[in-house]
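This report refers to the structure that appears directly beneath it.
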Amino acid sequence: MKVPPRHPNSAPPEGGFSLPLVLVASLMVLLGGLMLADRASDGVISAAFQRDSSDARDAAETGVTRIVGELNRPQNRGLLAKKPAITTPPATAGPGRMQLHR
């Protein structure tokens with residue numbers, strides 16, 4: 001087998017070592033940037049959900065305050081829950097039967 005002669009001006013082949021190194025380094029930088037962007041967006045989303053939760057809580061508290069205020073007016077006091085009647089088993093009712101006392 002005959003080997004072709006090398007030209008004196010040609011450099012030895014490097015085997016393409018720098019291209020995979022650059023690709024791996026750029027992939028690592030890209031992944032780091034994506035992770036950083038993900039963390040930043042999580043903070044923004046969390047702040048938006050917290051603001052929505054706070055708004056919903058404020059609206060619920062306002063509604064409860066309005067309803068309680070309306071029920072406490074003298075003409076609406078009859079709408080409030082009254083103390084339930086106490087049930088006791090009378091001696092003649094038999095086992096497991098309850099009667100209301102008024």
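- Atoms CG and CD, from Asp55 and Gln50 in turn, are 11.0 Å apart once rounded to the nearest 0.5 Å.
- Distance CD/Glu61 to CG/Asp58: 6.0 Å, rounded to 0.5 Å.
- Using a distance-only test at 3.5 Å, with no hydrogens or angles considered, no donor-acceptor pair links the side chain of Ser53 to the main chain of Phe49.
- Here the CG atom belonging to Leu23 is positioned 4.5 Å from the CG atom belonging to Leu19, to the nearest 0.5 angstrom.
- Between the CG atom of Asp38 and the CG atom of Leu31 there is a distance of 12.0 Å, given to the nearest 0.5 Å.
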